[in-house]
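See structure below.
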Amino acid sequence: MPYGYTGKILHVNLTTSEITVEEPAEEFYRTYMGGSAMGMHYVLKETPAGADALGPENVLALCTGVVTGTPISGQSRLTSVAKSPLTGCIGDAQGGGYFPAEMKFSGFDAVIIKGKSPKPVYLWMHRGEAELKDAAHLWGLTTGDTEDKLKVELEDKRIEVLQIGPAGENLVRFAALISMSNRANGRTGMGAVMGSKNLKAVVVRGKQKPTIADPETFKKLQKWGTANLEATGMDGFGKYGTPGVTAPQNKSGGLPTFNFNSGTFDKAEEIDGVKLYNEHLRGHEKDDQNRFGRDTCFSCSIKCKRVTEIAEGPFKTDAKYGGPEYETTSTFGSYCGISDMDAIICANALCNMHGMDTISCGATIAWAMECWAEGKLTAEDTGGIELTYGNAEAMVKMTELIAKREGFGKILAEGSRKAAEIIGRGTEDYLITSKGQEAPAHMPQVKRSLSIIYATNPFGADHESSEHDPGYKAYPERMKYIGLTNPQEKLALNKEMMRFAMVTQHLSSAVDSLSVCAFIFGASFQLYGADKLVEVVNAVTGWDTDITEILAVGERRLNMMRAFNSREGIGREADTLSKKMFKRPLEGGRSDGYVLDEKEWEAALEDYYRLCDWNVETGHPSLKKLESLGLGWVVAENEALSKVVS
Amino acid sequence: MRIHVELMGPLVDFLPKSQRGQTTLTLSGEATIADLLKELKINIKVVVAVNDDEEKELEHVLVDGDEVLVFTLISGG
Ligand code: SF4
């Protein structure tokens, strides 16, 4: 029996109800290490070029990594990969909680899903076995209700459920996969993919704990984590959660406000993590938030998840739907000019209840608000809802309408890029999308290397795909470990910053393949740095990997994703940023006047392509690069790709 | 010299709650950012900006009236 992983991959064909188990060799695990890279292997092998993202041929891979389920902070993550209905490119979404570890305990490292069931079903994976069960009685239910029903039906309170809510059933293009009713594999519409397959949920339960190759070293690493919680500042991060970054983001002029027209929100304090902790977390009345208002993922001592509850009033919210992250307080908050924390908590709960990505949902509403402010949308379009900046009731109402695809929500459920195509009238000028995915709450005008990552990332604008600029200067030791020793001045967009972007992108890509938490293992502020990531992988698996091999896994996954897009005919022309980031200087605060220079940006983009060994004209990966990563088969097996890659 | 300090995010806990992360410190003689952090008993990795300017090193010497922002970096969310 292998160490760390189970050695078993489940394959489910929903069209034929056929279920098979594959047992790949160790070399397979060593090549991909799990998560996103492993999922890409199956997507490239099994999804035909040009497949409809919402059709039966789109393969959905749900993958853990080789260390998932071992008792150490930051390992319980699951990656979902499939073609995205939001972007038409490859899609990818990560999520944590208890589901990933429990899936490993159920006896499988991953499940690869294809086809479409003729009727709603759920997949029940338990103790090394799997079966499809009828889900007609669950269709239409919210995530909380579905989870409650499944616990009764399967007579087990300790099952874990990864599911779609009504938004996934309604094929909202940014529908998410939700576990624990409050953790999301949020981005790129993986919930809509699962919904299109008539698959309501994947339910797991098991007792097969992973075996650890070197328990002594592993124990030392656990202890190191506990001993360094305070010194790394990660205990404070756990206490105030991701919303704790709001105030510094705002001070640095990097808090997206009014649909990215400003980096400073005059009411930032109202949506900050300190206020959220002191006045909104469950238990705050008795100063008992640590007990009642914080939650965690399997075996993680950080406890950064929020638990909120609003007992009554228009924004009534059940604690089972968790609490907002920084991305959520920003997209529903400052993006929309909203400072009402109760409304943000409620919108967050609606997203978790119906299964939607809070980033795309909030940002799409913010886009509509700018269209309204510019007179491009009126009450006639919105069914009488006044989409003015700062209108908290309208924002919450719109969130619900999107999930249900009702009224104007039907158009916004397409995501902002498609909505702009439907509406026309120049509304595309206000988009903040890259490849059709709405930008998260970190500003490329302020952290400039992000401008290239947002544009080139194969699954659209993403903030977890590389380290952010300030990390280079602030963490010299950790940067040195991955070969970065030449930090640049703020706002630099030169060759060295492109190297920083690419190398840290490879590390983030490996983190998403090992399927570990970006707050625990990473390039800069995290509890365990990249050096400890190597040690954890070796202690668990018994391998002798090093940082070079880990970075190569990340580069492999990134190139597989680019190759997927190339196969779809998508290359450099899709590596774009929102127009207004070049045309409209930011207003107010520390980033007043900041705007990207198109010429400088194009030059940086070409530097980045060259560093990646991608064709500067087309943006496609070179054959040489793919072959050097052991990916020659991707070209050989895909005719459409062999035509564009040389 | 008097230095106005604003601690942000989780760092607010290094001051009494009622101060909401803000304080004015009186330091004697020549003081650096490292001295200031010592005074505040901040012993974790932080980023410091002075007078709305670029982030400064620990050895940076403060002058009377400086406004200092102290925060931790988190690049996710
Ligand atoms: S740091 Fe937070 S998100 Fe990451 S594993 Fe721990 S509790 Fe989960």
Side-chain angles (χ1 to χ4, degrees), chain A residues 230-253 269 272-275 277-278 287 304 325-330 359 440-442 447 450 463-464 466-471 473-475 489-490 504 508 517-519 522-526 589-590, chain B residues 2-25 31-63 65-77:
Chain A
E230 216 180 297
T232 51
M234 290 306 284
D235 60 340
F237 167 72
K239 180 176 175 187
Y240 294 107
T242 52
V245 302
T246 310
Q249 287 276 78
N250 191 51
K251 279 276 177 190
S252 67
E269 217 177 284
D272 182 56
V274 176
K275 172 135 177 154
Y277 182 90
N278 288 333
D287 216 6
C304 77
E325 299 280 346
Y326 162 70
E327 294 299 329
T328 313
T329 53
S330 307
I359 300 179
H442 299 268
K447 301 192 260 194
L450 282 184
H463 59 296
E464 296 283 13
S466 67
E467 189 50 57
H468 299 189
D469 300 34
K473 216 179 216 173
Y475 292 88
E489 289 311 309
K490 190 181 164 188
T504 61
S508 299
C517 181
F519 302 141
S524 66
F525 69 88
Q526 295 82 352
R590 186 137 174 239
Chain B
R2 285 160 68 82
I3 309 288
H4 180 73
V5 187
E6 191 173 345
L7 308 181
M8 284 182 287
L11 299 176
V12 294
D13 286 356
F14 283 93
L15 289 170
K17 199 169 170 182
S18 58
Q19 284 179 252
R20 298 157 69 101
Q22 305 212 8
T23 188
T24 301
L25 292 181
T32 62
I33 287 179
D35 297 325
L36 177 85
L37 295 179
K38 211 166 155 197
E39 185 75 22
L40 289 161
K41 300 193 174 56
I42 295 178
N43 51 1
I44 64 171
K45 176 87 201 167
V46 292
V47 180
V48 182
V50 181
N51 300 333
D52 260 6
D53 210 356
E54 270 272 23
E55 286 74 45
K56 298 288 183 215
E57 313 286 333
L58 286 175
E59 307 78 47
H60 176 83
V61 178
L62 296 165
V63 297
D66 270 350
E67 292 189 12
V68 177
L69 295 178
V70 191
F71 52 97
T72 46
L73 279 188
I74 300 288
S75 45

Might you confirm whether atom [atom1] of [X] has over 12 heavy atoms from other residues, nucleotides or ligands at distances under 6.0 Å?
X: B:Gln19; atom1: CD; value: yes
X: A:Glu269; atom1: CD; value: no
X: B:Lys38; atom1: NZ; value: no

Inset, instruction - Nearest 0.5 Å please: distance from the CD1 atom of B:Ile44 over to the CZ atom of A:Phe525. - result: 13.0 Å
Inset, instruction - Starting at CG of B:Leu73, measure out to CD of A:Glu467 and round the result to the nearest 0.5 Å. - result: 8.0 Å
Legend entry - Heavy-atom check, side chain of A:Asn278 versus side chain of B:Arg20, under 4.5 Å: no
Inset, instruction - Taking ring-ring contact (aromatic ring centres under 6.0 Å, His included) as the test, write out the residues that go with A:Tyr475, two or more places apart. - result: none
Inset, instruction - Heavy atoms only: give me the nearest A:Pro248-B:Gly9 pair and the separation to one decimal. - result: CD-N, 4.4 Å
Legend entry - Max heavy-atom pair count under 4.5 Å with chain A, selected residue of B:Asp13, B:Val47, B:Val70, B:Leu69: B:Asp13
Inset, instruction - Go through the atoms of A:Ala518 and report whether side chain, backbone, both or neither lie under 4.5 Å from a heavy atom of chain B. - result: neither
Legend entry - Which portion of A:Gln249 sits near chain B, non-hydrogen atoms under 4.5 angstrom: neither
